[in-house]
Amino acid sequence: MPDPIRVRFAPSPTGYLHVGGARTALFNWLIARKLGGVFVLRIEDTDRERSTDESTRTILDGMTWLGLHWDEGPVHQADGLPRHQADARRLLESGRAYRCFCTPEELAAKREEMKHEYRYDGKCRAIPPAESDARAAAGEPHTVRFRVPDGVTQWDDIVHGETRFENASIDDFIILRTDGTPIYNMAVTSDDIDMRITHVIRGDDHIPNTPKQILLYQALGAPVPAFGHLPMILGGDGKKLSKRHGATAVGDYAQMGVLPEALFNFLALLGWNPGDEREVMEVDELVQAFSLERINKKSAVFDTEKLYWMNGRYLEKKPAEELFEIVAPLLVKKGLVTEAEVETRRDWLLHLLELLKTRARSVNEIPKLAQTYLVDEVEYDADSVAKQWKDPLTAERLGAVRAALQGLEPWTVEGIEGALRAAAEGLGVGFGKVAQPLRVALTGSAASPGIDHVVFLLGREGALRRIDRARERLAAATAV
RNA sequence: GCCCCGUUCGUCUAGUGGCCUAGGACAUAGCCCUCUCAAGGCUAAAACACGGGUUCGAUUCCCGUACGGGGUACCA
């Protein structure tokens with residue numbers, strides 16, 4: 001039995017959980033589940049200035065909402081400080097790193113002067129160890145830089161294949177700041193070694209960091225993990241997805257009525273596919289089909305339109321009972337039902353939900369659709385009224401429908417349909433000639449679920465009242 | 001500037017040298033189903049960035065160009 005793979009998701013808590021980050025987390029989670037590995041969550045909070053607990057909580061909430069459960073952590077990178085420093089010191093002692101006494105001002109001036117051509121000049125590289133030790137002992141401020149060796153650093157990227165960097169193109173980068181705290185690449189490498197991470201799966205904006213980290217692994221004598229770099233997620237204009245494209249946070253989509261399973265599925269298909277034509281795939285199915293080898297190289301545009309289509313499919317699939325847990329609070333919030341009615345009218349509401357869930361693309365649309373059935377006064381849509389009530393016989397037909405419903409027993413969906421069809425037959429017209437005007441009378445609109453269900457849900461009393469209101473309106477219009 | 005990465009319908013993608021008259025999905029349009037809407041079914045329109053090679057044969061392999069993206073910090 002080989003050792004289980006160990007992967008990690010390592011967000012920095014400086015904001016919300018971005019959909020790009022969520023997808024990275026998702027791919028790590030999927031491969032861990034698929035291969036029976038371990039998924040570790042690490043919060044990269046070494047930048048104390050920008051990191052907040054609020055942000056950490058948002059990220060954790062987002063992952064939980066999506067169903068991305070971590071097996072270990074969250075570990076805070078800041079807690080690893082002593083180890084980061086110890087690793088850096090080992091590098092210093094073995095000569096793989098050296099102290100740099102250049103001041104930030106000197107460096108900034110050089111950068112200003114050289115502009116785009118700027119490279120660290122390696123000025124402190126040649127300082128003899130004895131001198132370096134003495135200056136440090138005397139309290140002279142310094143950073144620690146990694147001594148990039150000659151040669152080439154390459155790796156077989158899981159996504160991109162053979163990738164190589166000339167070491168000459170890599171500056172002697174800082175690993176410890178003047179205040180002794182580690183810089184990103186140092187902290188990450190130290191942590192990934194410590195956590196025994198076997199596969200580093202992250203965004204491809206990290207590709208330039210990878211050779212630096214590999215060099216660090218080698219200098220520390222640690223086994224180098226496998227690397228896989230995921231393509232970026234872009235906005236509709238082909239630019240990196242950012243706030244100006246609108247919603248980019250997982251929480252935003254939750255707010256907008258997207259189901260976690262829909263976002264999960266959608267994100268999984270951004271830069272990966274199962275190799276056949278399946279698209280709507282449940283979590284288990286995705287785990288089953290997932291493989292690192294099928295991840296795409298090309299960045300992908302986040303198409304909200306398709307997300308909502310997929311959300312619609314999940315809304316339809318979701319049992320009304322489950323959806324009810326999400327929708328009921330929204331109905332209460334909108335003042336359409338009371339807390340008590342959520343319980344007392346549960347079956348009725350479930351029936352309504354069953355009818356509406358196929359017709360919505362977002363959870364948030366459901367209260368709007370439900371409103372018609374929960375208020376006393378129907379709002380008439382002018383176009384629907386004009387079109388469906390223009391026949392002068394409308395009032396008469398509604399009267400016939402009213403009569404058919406008044407004494408109908410038993411009051412069932414099937415019974416109602418039968419009564420309405422009989423009424424249409426009695427009037428000598430097609431069913432549509434009865435159903436459409438009635439639909440407008442009952443819902444104010446020319447579009448709704450099946451008329452039999454609508455009548456049933458409104459109840460005999462409610463339906464008759466709305467028919468009467470409609471007939472009054474028609475009478476008034478005729479009189480004028 | 002330099003260093004990396006990428007480029008198939010508007011969008012997500014299939015495709016690993018002949019199966020490609022380039023397949024599927026979203027969006028769009030039409031038809032069917034039908035009491036309307038939604039869902040569903042069918043159909044249409046829609047793509048291999050460009051130029052050179054290699055090969056009997058390139059969407060597929062190689063090299064350039066163009067375009068896009070990322071990096072180039074005592075940020076992560």
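Here is the naming used below: chain letters follow the sequence lines, and residue numbers restart at 1 for every chain. For the numbers below, each heavy atom of this structure counts, side chains included, while hydrogens, waters and symmetry mates do not.
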Query raised in the report: Which of parallel (below 30°), tilted (30 to 60°) and perpendicular (above 60°) describes Trp411(A) and Phe456(A)?
Result: parallel
Report task. Using the six-membered ring wherever Trp is involved, compare the ring planes of Phe290(A) and Trp272(A) and label them parallel, tilted or perpendicular (cut-offs 30° and 60°). Result -> tilted
Query raised in the report: Can Arg111(A) be said to sit on top of Tyr118(A)'s aromatic six-ring, NZ or CZ under 6.0 Å from centre and within 45° of the ring axis?
Result: yes
Report task. Name the nucleic acid region contacted by Ala300(A), choosing base, sugar-phosphate or nothing; use a 4.0 angstrom heavy-atom cut-off, strictly under. Result -> sugar-phosphate
Query raised in the report: Is a side-chain donor or acceptor of Asp171(A) paired with a backbone partner of Phe173(A) at a separation under 3.5 angstrom?
Result: no
Requested in this report: Sugar-phosphate atoms are those with a prime plus P, OP1 and OP2; base atoms are the rest. Using that split, label each nucleotide of nucleotides 71-76 of chain B B, S or - for protein heavy atoms under 4.0 Å, 5' to 3'.
Outcome: S-SBBB
Query raised in the report: Think Arg145(A) forms a cation-pi with Tyr120(A), using NZ or CZ under 6.0 Å from the six-ring centre and within 45 degrees of its axis?
Result: yes
Query raised in the report: Does NZ or CZ of Arg42(A) come closer than 6.0 Å to the centre of the six-membered ring of Phe9(A), within 45° of the ring's axis?
Result: no
Query raised in the report: What is the distance, rounded to the nearest whole Å, between atom CD of Glu162(A) and atom P of G6(B)?
Result: 12 Å
Requested in this report: Measure centre to centre between the rings of Tyr314(A) and Phe266(A), then say whether the value is under 6.0 Å.
Outcome: no
Query raised in the report: When you measure from the side chain of Thr56(A) to the backbone N and O of Thr52(A), does any donor-acceptor pair fall under 3.5 Å?
Result: yes
Query raised in the report: Watson-Crick or G-U wobble partner for U55(B), using a 3.5 Å limit on both distances?
Result: none
Query raised in the report: What interatomic distance, in whole Å, is found between C1' of C2(B) and the corresponding atom of U11(B)?
Result: 34 Å
Requested in this report: Pick the P atom in G24(B) and in C9(B), then give their distance to the nearest Å.
Outcome: 16 Å
Query raised in the report: What is the pairing partner of U21(B), taking Watson-Crick or G-U wobble pairs with both distances under 3.5 Å in any strand?
Result: none
Report task. Scan Ile451(A) against the nucleic acid and name what it touches under 4.0 Å (heavy atoms): base, sugar-phosphate only, or nothing. Result -> base
Query - Rounded P spacing from C3(B) to A73(B) in Å - result: 15 Å
Requested in this report: Please report, rounded to the nearest Å, how far the P atom of C5(B) is from the CD1 atom of Ile295(A).
Outcome: 18 Å
Report summary line: Rounded to whole Å, the CZ-P distance (Arg164(A) to C5(B)) equals 10 Å
Query raised in the report: When you check the gap from the basic side-chain N to the acidic O, do Arg99(A) and Glu140(A) get nearer than 4.0 Å?
Result: no
**Report entry** P spacing across the pair C12(B) / C75(B), given as an integer number of angstrom
**Finding:** 36 Å
Requested in this report: Mind checking Phe165(A) for me? I need base, sugar-phosphate or nothing, with any heavy atom below 4.0 Å counting as a touch.
Outcome: sugar-phosphate
Query - Integer angstrom distance from the C1' of C50(B) to that of U8(B) - result: 15 Å
Query raised in the report: How close or far is atom P of U13(B) from atom CG of Leu267(A), stated in whole angstroms?
Result: 12 Å
Query raised in the report: Considering every strand shown, what is the Watson-Crick or G-U wobble mate of C67(B) when both distances are under 3.5 Å?
Result: G6(B)
Query - Side-chain N or O of Lys357(A) closer than 4.0 Å to phosphate OP1/OP2 of A39(B) - result: no
Query raised in the report: If you look at every strand shown and take non-hydrogen atoms under 4.0 Å, does Gly450(A) touch a base, only sugar-phosphate, or nothing?
Result: base
Query raised in the report: Would you say the side-chain atoms of Asn209(A) and His206(A) include a donor-acceptor pair closer than 3.5 Å?
Result: yes
Query raised in the report: Just checking Leu420(A): base, sugar-phosphate only, or nothing, at a heavy-atom cut-off of under 4.0 Å?
Result: nothing
Report task. Check every strand shown and say whether Asp276(A) touches a base, only sugar-phosphate, or nothing at a heavy-atom separation below 4.0 Å. Result -> nothing
Query raised in the report: For the side chain of Arg359(A), counting heavy atoms from C-beta on, which of A38(B), A14(B), C35(B) is nearest?
Result: A38(B)
Report task. Give none if C74(B) has no partner; otherwise give the nucleotide forming a Watson-Crick or G-U wobble pair with it, both distances under 3.5 Å. Result -> none
Requested in this report: On RNA chain B, check which nucleotide each of Val301(A) and Ile207(A) is closest to and give me the residue with the more 5' one.
Outcome: Ile207(A)
Report task. Rounded to whole angstrom, note down the P distance from C48(B) over to U54(B). Result -> 24 Å
Query raised in the report: Between G70(B) atom C1' and Asp157(A) atom CG, what is the distance in whole Å?
Result: 14 Å
Query raised in the report: Expressed in angstrom and rounded to an integer, what is the separation of Leu442(A) atom CG from C37(B) atom P?
Result: 17 Å
Report task. For residues Glu162(A) and Gln154(A), determine if any side-chain heavy atom of one lies less than 4.5 Å from a side-chain heavy atom of the other. Result -> yes
Report task. Could you tell me the separation between the CG atom of Leu241(A) and the C1' atom of G70(B), rounded to a whole number of Å? Result -> 15 Å
Query raised in the report: Asp452(A) CG to U36(B) P: how many Å, rounded?
Result: 13 Å
Report task. Tell me what Arg294(A) touches on the nucleic acid: a base, only sugar-phosphate, or nothing, going by heavy atoms under 4.0 Å. Result -> sugar-phosphate
**Report entry** Base-pairing mate for G40(B) - Watson-Crick or G-U, with both contacts under 3.5 Å
**Finding:** C32(B)
**Report entry** Sugar-phosphate or base contact per nucleotide [nucleotides 21-33 of chain B; S, B, -; heavy atom under 4.0 Å]
**Finding:** --SBBSS------
Query - Same-atom distance (P) from U36(B) to C31(B), integer angstrom - result: 14 Å
Requested in this report: Assign Pro449(A) to base, sugar-phosphate, or nothing according to its heavy-atom contacts below 4.0 angstrom with the strands shown.
Outcome: base
Query - Interatomic distance at C1', C19(B) relative to A38(B), whole Å - result: 39 Å
Report task. Between Arg313(A) and Ser299(A), name the one whose nearest nucleotide on RNA chain B is closer to the 5' end. Result -> Ser299(A)
Query raised in the report: Does Asn28(A) reach the main-chain N or O of Ile201(A) with its side chain, forming a donor-acceptor pair under 3.5 Å?
Result: yes
Requested in this report: Output yes when at least one side-chain N/O atom of Asn273(A) is less than 4.0 Å from OP1 or OP2 of U13(B), else no.
Outcome: no
